[in-house]
Amino acid sequence: MIDPLERSYIETARREKRARLEALGIRPFAYRFERSHSAAAVVALWDDAMGDAGPQVRIAGRIAALRGQGKTMFAHLEDGSGRIQIYLKRDQLEPAWPLVELLDLDDHIGVTGRLFRTRTGEVSVWVAAVELLAKSLRSLPRGKVEKLADGSTVVHGGLTDPEVRYRQRYADFAVHPELRDDFRTRARAIAFVRRFLDARGYLEVETPVLQPLYGGAAARPFVTHHNALDMPLYLRIADELYLKRLIVGGFERVYEIGHDFRNEGMDRTHNPEFTMLEWYQAYADYIDMLEMVQEMVSGIVQECLGGLEHVRHGVPLNFAPPYRRVSFCEGIKAVCGIDVLTASEEEMRAFVATQGESLEAVRTMSGGRLLDEVFKHSLEPRLAQPTFVLDYPKALSPLAKTHRDDARLTERFELFVNGTELANAFSELNDPDDQRARFEDQGRQREAGDEEAQQMDADYVRALEYGMPPTGGVGLGIDRLVMLLTDHSSIRDVILFPAMRPEGDRRASPDADDAG
RNA sequence: GCGCCCAUAGCUCAGCCGGUAGAGCAAUCGCCUUUUAAGCGACAGGUCGCAGGUUCGAACCCUGCUGGGCGCACCA
């Protein structure tokens with residue numbers, strides 16, 4: 001919408017200042033600056049006993065506030081640690097004063113000076129020398145927070161338009177430093193996962209992102225093309241099939257943290273590329289994996305939030321193990337009285353129809369889809385506390401191994417927190433003939449028009465034919481985990497650069513729109 | 001893909017029943033040597049998202065388009 005190259009009168013003014021600086025022989029973009037302290041460290045350094053003889057410091061940062069008073073000037077410098085006030089006095093900076101007069105909000109500067117305390121008590125740096133490190137040619141959309149005498153605050157301006165915030169994430173972070181904390185939390189959670197799995201003998205691996213066949217989940221892929229081979233390639237929708245090939249090859253414990261890509265709708269909980277953690281362990285079953293998930297999730301919560309009890313979206317949650325376990329079928333029966341193993345589809349449709357679904361939609365539901373709807377309207381909304389749902393019916397779980405005690409079920413669990421699925425795990429299907437049959441069945445659904453049905457992966461079946469040991473596997477959505485940790489309800493708030501439509505006027509590319 | 005809502009100055013917003021736009025902050029200029037929303041004074045800044053239509057006249061009403069938000073659908 002806004003041409004990024006179009007200059008406002010404010011930018012024009014800043015470019016004029018840049019020219020004036022250069023005419024004075026001042027480089028608007030310096031090369032380096034040696035700091036002695038961060039802003040936060042400088043503030044922490046202060047001791048009232050210092051009186052007028054505070055230590056000399058060298059600090060750098062972005063000018064976050066500027067209050068000129070003629071022959072004197074106050075400013076706040078902001079760096080990665082926080083902010084500190086600086087005080088500039090003309091008679092003590094004389095040769096450099098023309099530079100000071102050409103400073104703008106948002107410029108990066110470096111200063112040297114002594115620590116002191118102002119009349120109003122704020123620890124500040126009395127600047128003896130100032131250097132311009134980087135001129136800002138575009139003003140950041142800063143707000144101003146006014147604190148009124150009664151303690152309330154009024155915000156003047158500021159960056160609030162969600163579109164601009166996501167498109168210009170750099171400006172959003174620059175103006176809202178507290179947002180960076182969510183990504184520190186994210187990094188801590190991922191670092192914890194690595195330590196957790198490494199300590200248990202897992203090997204971190206990297207499997208192909210570009211795949212000749214996509215599989216391991218039901219989703220539409222992104223398609224690209226390899227020029228040299230002149231063939232289509234797909235961005236992976238899951239890591240699963242490659243990681244299990246590694247199990248066949250003798251890597252007994254492997255994990256991967258990486259992006260999967262799904263060519264589907266975008267909303268509060270879906271980004272076209274997202275971060276998935278998958279791990280597989282030979283000779284383990286889904287209950288082994290369940291215990292690991294429980295320990296890992298509690299560990300992450302403890303590590304990132306300090307403590308196991310937290311309110312999320314107004315709901316107090318307790319992450320102390322053991323988490324509740326409920327069987328899929330019995331859980332649903334307890335809530336709505338339907339036994340999904342024996343009930344007729346008519347009975348289930350009748351129930352779903354009472355839950356606000358349109359009659360038309362209900363009429364077309366059958367099989368796995370219908371089961372899923374029953375679950376969605378009965379058990380799932382009640383899963384606020386961390387809860388494992390176990391033993392899904394086969395129709396819902398084409399990739400999981402048949403349950404050892406009940407052939408109608410599979411050995412599968414999902415972890416729910418606050419009604420959202422966090423993890424999905426199986427005792428992995430390792431019977432190559434069964435796997436081939438399921439691929440063939442998927443192939444028939446594909447021919448019937450199901451774009452998401454999986455393709456036959458003959459190489460994967462060949463791997464299974466060599467013999468894959470019994471294996472437990474888990475997939476855990478990192479973005480959703482971080483949403484839980486940071487109490488965000490939009491996945492965009494935990495992804496640095498969420499997917500957006502391109503900005504700008506696209507009428508320049510005619511005929512692109514009306515094809516359909 | 002469908003529905004509802006939104007788009008006005010660099011930012012945040014106001015603009016009633018149609019009469020061609022205002023405020024605060026930021027900017028520019030002047031004054032000000034301990035301020036912190038600094039203050040005081042002056043001056044600028046807009047193709048009202050884009051394209052049509054209705055009208056003597058459109059930021060405002062209608063249609064289409066673009067982008068966004070929320071919900072639904074799709075989807076783990």
Side-chain angles (χ1 to χ4, degrees), chain A residues 1-3 6-14 16-17 64-76 83 85-93 104-106 116-122 124 126 137-148 153-167 171 175 216-220 237-238 260 262-272 274 276 356-358 361 369 372 376 380 396-397 414-416 420-424 451-452 475-477 479-480 489-490 492 500-508 512-514 516:
Chain A
M1 311 237 286
I2 297 162
D3 180 350
E6 192 175 301
R7 283 173 200 165
S8 72
Y9 61 98
I10 292 178
E11 289 156 36
T12 304
R14 290 194 174 190
E16 279 167 15
K17 286 191 191 174
L66 198 56
R67 295 177 293 280
Q69 299 184 97
K71 297 186 181 63
T72 195
M73 184 180 280
F74 283 92
H76 274 92
R83 51 162 62 190
Q85 180 170 260
I86 61 173
Y87 177 56
L88 304 108
K89 224 174 158 181
R90 179 172 183 167
D91 53 13
Q92 290 167 1
L93 283 167
D104 282 307
L105 220 47
D106 310 323
F116 77 112
R117 189 164 226 165
T118 63
R119 195 184 282 165
T120 54
E122 181 162 350
S124 307
W126 192 306
L137 298 178
R138 183 185 287 267
S139 66
L140 281 169
R142 296 177 180 281
K144 269 197 170 181
V145 179
E146 177 183 6
K147 285 181 190 136
L148 300 176
T153 57
V154 179
V155 178
H156 302 269
L159 179 56
T160 60
D161 182 338
E163 177 173 357
V164 179
R165 291 187 54 196
Y166 292 130
R167 282 197 195 286
V175 162
R220 278 184 284 177
I237 59 173
D260 289 347
R262 299 189 182 174
N263 205 342
E264 282 154 1
M266 296 158 57
D267 62 28
R268 261 192 5 264
T269 55
H270 298 265
N271 197 63
F274 59 100
M276 182 67 102
E357 295 284 332
S358 83
R369 174 73 209 284
D372 198 30
K376 246 169 80 177
E380 192 182 57
L396 275 174
S397 314
E414 294 191 315
L415 172 61
F416 287 85
T420 309
E421 179 211 332
L422 262 195
N424 182 19
E451 286 182 77
E452 293 179 354
L476 190 151
D479 308 284
R480 289 184 183 177
S489 56
S490 172
R492 290 182 160 175
M500 300 284 280
R501 275 200 177 82
E503 66 183 318
D505 189 342
R506 288 185 302 163
R507 281 168 306 162
D513 298 339
D514 305 323

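Worth saying up front: this structure is predicted, and the values here are computed from it rather than measured.
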Have a look at A/G68 and say if it touches a base, only the backbone sugar-phosphate, or nothing, with a 4.0 Å heavy-atom cut-off. base
Checking all strands, does A/D91 fall into the base, sugar-phosphate, or nothing category for heavy-atom contacts under 4.0 angstrom? base
Distance test, side-chain N/O of A/R268 to OP1/OP2 of B/G71, below 4.0 Å: yes
Quick one: is B/G10 close enough that its OP1 or OP2 comes under 4.0 Å of any side-chain N or O from A/R138? no
Side chain of A/F74: nearest nucleotide among B/C13, B/A26, B/U34? B/U34
Once you round it to whole Å, what is the distance between C1' of B/A73 and CZ of A/R220? 12 Å
Looking at the side chain of A/H270, which of B/G10, B/C74, B/U28 is the nearest nucleotide? B/C74
On RNA chain B, does the nearest nucleotide to A/Y166 precede the nearest nucleotide to A/L105 from the 5' side, or the other way round? Give the residue. A/L105
Look at the side chain of A/E122 and the base of B/U35, then say whether one donor and one acceptor between them are separated by less than 3.5 Å. no
How far does the C1' atom of B/A23 sit from the matching atom of B/C48, given to the nearest Å? 16 Å
Is there a side-chain polar atom (N or O) of A/K17 under 4.0 Å from OP1 or OP2 of B/U28? yes
CG on A/L159 to CG on A/L140, rounded to 0.5 Å: 9.0 Å
With hydrogens left out and only the distance checked, is there a donor-acceptor pair under 3.5 Å joining A/R67's side chain and the base of B/U35? yes
For the backbone of A/G68 and the side chain of A/T72, can you confirm whether one donor and one acceptor N or O come within less than 3.5 Å of each other? no
With rounding to the closest Å, how many angstrom separate the P atoms on B/C11 and B/A26? 15 Å
Nearest to side-chain heavy atoms of A/K89, which nucleotide of B/A26, B/C75, B/U33: B/U33
Report the nucleotide, chosen from B/G68, B/A73, B/A27, that has the shortest atom-to-atom distance to any side-chain atom of A/R167. B/G68
Reported CD1-to-CZ distance for the pair A/I237 and A/R220, which is rounded to 0.5 angstrom: 11.5 Å
On a plain distance test, is the side chain of A/Y9 in donor-acceptor contact with the base of B/G10 below 3.5 Å? yes
Base, sugar-phosphate or nothing for A/D372? Non-hydrogen atoms, less than 4.0 Å. base
Anti versus syn assignment for B/C17, with syn defined as within 90° of 0: syn
Any donor and acceptor pair, going by atom type alone, linking the side chain of A/R67 with main-chain N or O of A/F74 inside 3.5 Å? no
Among B/C11, B/U33, B/G10, find the nucleotide with the atom closest to the side chain of A/K71. B/U33
Remember a base hit wins even if backbone is also touched, and classify A/R90 as base, sugar-phosphate or nothing at under 4.0 Å, heavy atoms. nothing
Within the 4.0 Å heavy-atom criterion, would you say A/A65 contacts the bases, only the backbone, or no part of the nucleic acid? nothing
For A/M500, does its backbone N or O pair with a side-chain atom of A/R167 as donor and acceptor, under 3.5 Å? no
On RNA chain B, compare the nucleotides closest to A/L66 and A/S139; which residue's is nearer the 5' end? A/S139
Is there a donor and acceptor pair closer than 3.5 Å between the side chain of A/T118 and the base of B/U35? yes
Determine the contact category for A/Q69: base if any of its heavy atoms lies under 4.0 Å from a base atom, sugar-phosphate if only primed atoms, P, OP1 or OP2 are that close, otherwise nothing. base
May I ask you to say what A/F274 touches in the nucleic acid, namely base, sugar-phosphate or nothing, with a heavy-atom cut-off under 4.0 Å? nothing
